[in-house]
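Everything on this sheet refers to the single structure shown next.
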Amino acid sequence: GGLIIGSGILKELHKYTSCYGNDHVFICGANALNATKEYIESSFSNTDCTCKFITCGKLATLSEIEFDEAETLLELIDGQ
């Protein structure tokens, strides 16, 4: 992982995360997802990357992630 900071960074996120592969999972709270999803999707448009978004509660733990999304997360971790 890494830390990147800057104005408009979400619009350029693909540039900073492409070294991690083409499949990305973003885990965040509902408010954060509402505020950022459009920018993240825009950053990865016209690329070979896929983005999945998983909503969680206060902490990104399996118990805080909705059941259907937790199954998706576990499948992604297992490489299925």
Side-chain angles (χ1 to χ4, degrees):
L3 173 65
I4 50 176
I5 301 172
S7 177
I9 203 75
L10 292 178
K11 296 177 183 176
E12 300 177 355
L13 196 56
H14 175 261
K15 178 170 64 172
Y16 298 102
T17 60
S18 61
C19 62
Y20 298 113
N22 289 332
D23 299 317
H24 302 282
V25 178
F26 296 92
I27 304 171
C28 54
N31 291 338
L33 184 60
N34 288 335
T36 60
K37 185 176 181 181
E38 183 179 327
Y39 296 112
I40 295 170
E41 288 176 330
S42 173
S43 175
F44 288 94
S45 66
N46 300 319
T47 70
D48 293 337
C49 294
T50 60
C51 297
K52 295 193 184 291
F53 297 90
I54 295 179
T55 306
C56 67
K58 292 181 181 180
L59 300 173
T61 63
L62 288 177
S63 62
E64 297 261 346
I65 297 171
E66 293 182 20
F67 180 76
D68 293 341
E69 293 178 330
E71 279 188 17
T72 300
L73 179 60
L74 291 173
E75 289 172 2
L76 291 168
I77 292 170
D78 289 339
Q80 296 178 350

Review item, side-chain donor-acceptor pairs of residues 40-51, under 3.5 Å, at least two apart:
| from | atom 1 | to | atom 2 | distance (Å) |
| --- | --- | --- | --- | --- |
| S43 | OG | L13 | N | 3.0 |
| S43 | OG | H14 | N | 2.8 |
| S45 | OG | S42 | O | 2.8 |
| T47 | OG1 | F44 | O | 2.6 |
| T47 | OG1 | C49 | N | 3.2 |
| T50 | OG1 | D23 | OD1 | 2.6 |

Checklist entry - If you round to the nearest 0.5 Å, how far is CG of L10 from OG1 of T36? => result 6.0 Å
Next on the checklist: According to salt bridge (Lys or Arg N to Asp or Glu O under 4.0 Å), who are the partners of K15, at least two apart in sequence or on a separate chain?
Outcome noted: E12
Checklist outcome for this item: Taken in chain and number order and not counting sequence neighbours, the residues that satisfy salt bridge (Lys or Arg N to Asp or Glu O under 4.0 Å) with E38 are none
Checklist entry - Got a sec, which residues hit side chain to side chain contact (heavy atoms under 4.5 Å, CB included) with I9, two or more places apart in sequence or on another chain? => result I4, Y16
Checklist outcome for this item: Sorted by chain and number, sequence neighbours left out, side-chain hydrogen bond (donor to acceptor under 3.5 Å, both in side chains) with N34 holds for none
